[in-house]
**Student:** 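The structure is given below, and queries will be raised subsequently.
All residue numbers in this chain count up from 1 along the given sequence.
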Amino acid sequence: MTVTANSVLPPAAGRRPISWGTPLTYALALAVAAVSIAPIVYVIVGGFRTTPQIVADPAGLPDPWVWDNYARVLTQSDFWRQAFNSAVIALGTTLGVVVLGLCAAFVIARYTFRGREALNTFFTLGLLFPAGAAILPLYLMLRDLNLINSYYAVILPQVAFSLPITIVILRPFLAAIPRELEDAAAIDGADRLGFLWRIVLPLSRPALVTVGILAFVASWNAFLLPLLVLGDVNLHTLPLGVQNFSSQYTTDTAGVLAFTSLAMLPALLFFTLAEKQIVGGLQGAVKG
């Protein structure tokens, strides 16, 4: 019997087979990240240039760095008023989405009743409904309710359109909570609301943070709905402020870039700081 060296020697410890898919995966991820980040970096850096610099070399770096564009935007009262309006609408939308989404997902996940799956399917199908298709009837309904030119005209529709994704994310989290915990809470004298408040809320914190951040960022960046229902300039949000500023200062490209950078900065920072919470919430939803 012939014994070769390869049949006697064990494989080297820790050696892994070469996977050509891994470098390709990283390359694609870096490419997607570059495509996503490059426009943001260009807008932010462009705010530190002058318009002649941008015209002469659109892809160049500031030489010298100019701070006047950002200072000019920050000293405008319109910017801060629009930032306040955006904050009120975004926070109101986030609160409504989290509270109503949690209540609806809790009932669908923890209660057994006829039509439960049909109700869940109804909310899931809401993900397929484009918000732009409902703009005209939505405007007419808000006008009949005398809600035009008010925060409610933006907050209520945004809450409604955010509920489907919120319930889709929250339901697996709530359904995965063991029944033993609910039974133990009932033995201790807690009713359904007590179980929701004392046990469900702490355990569902990653998912709640995830849906809250998604709702906040989407509301902060919303443009079409505020454009149609907020005719009063004093109620305009920052996305509308960017349009107004660019229309007023058409030739001031650097100033427009600075205004745009400051308008998107809060949502960008908010999303970046809570990135781990979002990943954890989405992973929990998939596992559930």
Side-chain angles (χ1 to χ4, degrees), residues 33-94 131-132 135-136 138-139 142 147-155 157-158 213 215-273:
V35 172
S36 303
I37 296 175
I40 299 176
V41 174
Y42 179 83
V43 171
I44 295 175
V45 174
F48 291 101
R49 308 174 69 192
T50 62
T51 300
Q53 289 179 1
I54 297 176
V55 174
D57 186 9
L61 294 175
D63 185 25
W65 290 72
V66 179
W67 299 86
D68 294 343
N69 297 320
Y70 286 99
R72 180 157 49 91
V73 173
L74 291 174
T75 54
Q76 290 186 356
S77 59
D78 291 344
F79 173 82
W80 294 108
R81 184 178 65 251
Q82 293 159 4
F84 175 79
N85 294 333
S86 293
V88 171
I89 292 175
L91 292 175
T93 300
T94 302
I135 287 297
L136 181 57
L138 181 62
Y139 176 84
L142 293 173
L147 294 178
I148 298 297
N149 286 328
S150 68
Y151 292 142
Y152 296 107
V154 182
I155 294 175
Q158 286 185 158
I213 293 172
F216 181 89
V217 173
S219 176
W220 188 275
N221 295 329
F223 176 78
L224 181 59
L225 181 61
L227 176 66
L228 293 178
V229 300
L230 298 179
D232 188 355
V233 178
N234 294 323
L235 295 176
H236 278 187
T237 58
L238 278 176
L240 299 182
V242 172
Q243 181 196 40
N244 297 336
F245 188 88
S246 60
S247 300
Q248 185 176 358
Y249 302 96
T250 308
T251 59
D252 188 7
T253 305
V256 172
L257 293 178
F259 195 105
T260 304
S261 301
L262 293 173
M264 69 179 180
L265 188 60
L268 184 62
L269 291 177
F270 193 56
F271 192 87
T272 302
L273 294 177

**Student:** If every non-hydrogen atom of Leu235 is compared with every non-hydrogen atom of Ser150, which pair is closest and at what distance?
**Tutor:**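 Residues Leu235 and Ser150, closest heavy atoms: CD1-N, 3.9 Å.
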
**Student:** State, with a plain yes or no, whether a side-chain heavy atom of Leu138 is found less than 4.5 Å away from one of Leu228.
**Tutor:**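 They are not in side-chain contact.
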
**Student:** Once side-chain hydrogen bond (donor to acceptor under 3.5 Å, both in side chains) is applied, do any residues pair with Tyr152, and if so which ones, sequence neighbours excluded?
**Tutor:**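 Testing Tyr152 for side-chain hydrogen bond (donor to acceptor under 3.5 Å, both in side chains), a comparison that skips the adjacent residues, returns none.
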
**Student:** Using atom types as modelled, flag every donor-acceptor pair under 3.5 Å from a side chain in residues 36-51 to any protein atom, sequence neighbours excluded.
**Tutor:**
unit_1	atom_1	unit_2	atom_2	d
Ser36	OG	Val32	O	2.9
Tyr42	OH	Pro58	O	3.1
Arg49	NH1	Asp57	O	3.0
Arg49	NH1	Pro58	O	3.3
Arg49	NH1	Gly60	O	3.2
Arg49	NH2	Gln53	O	2.9
Arg49	NH2	Asp57	O	2.5
Thr50	OG1	Gln53	N	3.4
Thr51	OG1	Asp252	OD1	3.4
Thr51	OG1	Thr253	N	3.3
Thr51	OG1	Ala254	N	3.4

**Student:** Could you walk me through whether Thr260 and Phe245 satisfy the side-chain contact (heavy atoms from CB on, under 4.5 Å) test, starting with their C-alpha distance in whole Å, then the side-chain angles of each, then the deciding distance to 0.1 Å, before giving a yes or no?
**Tutor:** CA-CA 9 Å; Thr260 304; Phe245 188 88; over 6 Å; no

**Student:** Which heavy atom of Leu74 sits nearest a heavy atom of Trp80, and at what distance?
**Tutor:**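 Leu74 and Trp80 have their closest heavy atoms at O-NE1, 2.6 Å.
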
**Student:** Considering non-hydrogen atoms only, spot the tightest contact between Leu142 and Ala153 and give its length.
**Tutor:**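 What the structure gives for the nearest pair is CD1-O, 3.4 Å.
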
**Student:** What salt bridge (charged side-chain N to carboxylate O under 4.0 Å, His left out) pairs are there with at least one residue in residues 79-91, not counting sequence neighbours?
**Tutor:**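 Found Asp78-Arg81.
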
**Student:** Taking all heavy atoms of Gly231 and all of Asn149, pick out the closest pair and write down the distance.
**Tutor:**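 Minimum heavy-atom contact is N-OD1, 2.5 Å.
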
**Student:** Please answer whether the main-chain N or O of Phe216 pairs with a side-chain N or O of Ser219 as donor and acceptor at a distance below 3.5 Å.
**Tutor:**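 Answer holds: no.
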
**Student:** Give me the atom names and distance for the closest heavy-atom approach of Val73 to Leu262.
**Tutor:**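 So the two residues come closest at CG1-CD1, 3.6 Å.
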
**Student:** Can you sort out the partners of Asp68 under side-chain hydrogen bond (donor to acceptor under 3.5 Å, both in side chains), two or more places apart, ordered by chain and number?
**Tutor:**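 If we apply the side-chain hydrogen bond (donor to acceptor under 3.5 Å, both in side chains) test to Asp68, skipping adjacent residues, there are no hits.
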
**Student:** Drop me the distance from Ser86's OG to Leu240's CG, to the nearest 0.5 angstrom.
**Tutor:**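 Separation between the atoms: 8.0 Å.
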
**Student:** Taking the side chain as every heavy atom from C-beta outward, state whether Gln82 and Phe259 have any atom pair closer than 4.5 Å.
**Tutor:**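 Of all side-chain heavy-atom pairs linking Phe259 with Gln82, at least one is under 4.5 Å.
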
**Student:** Please identify each residue that fulfils side-chain contact (heavy atoms from CB on, under 4.5 Å) with Ala222, with sequence neighbours left out.
**Tutor:**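 With neighbours one apart ignored, the set is Gln158, Pro226.
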
**Student:** A quick test of your reading: do over 12 heavy atoms of other residues, nucleotides or ligands sit less than 6.0 Å from OH of Tyr139?
**Tutor:**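 Not more than 12 within 6.0 Å, no.
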
**Student:** Pairs in or reaching into residues 227-244: which pass side-chain hydrogen bond (donor to acceptor under 3.5 Å, both in side chains), with residues at least two apart or in two chains?
**Tutor:**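 Residue pairs passing side-chain hydrogen bond (donor to acceptor under 3.5 Å, both in side chains), neighbours aside: His236-Asn244.
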
**Student:** Does the Trp220 side chain pair with the main chain of Met264, one donor and one acceptor, at a distance under 3.5 Å?
**Tutor:**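 A pair under 3.5 Å: no.
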
**Student:** If I compare all heavy atoms of Leu225 with all of Pro157, which pair ends up nearest, and what's the gap?
**Tutor:**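 Looks like CD2-CB, 3.7 Å.
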
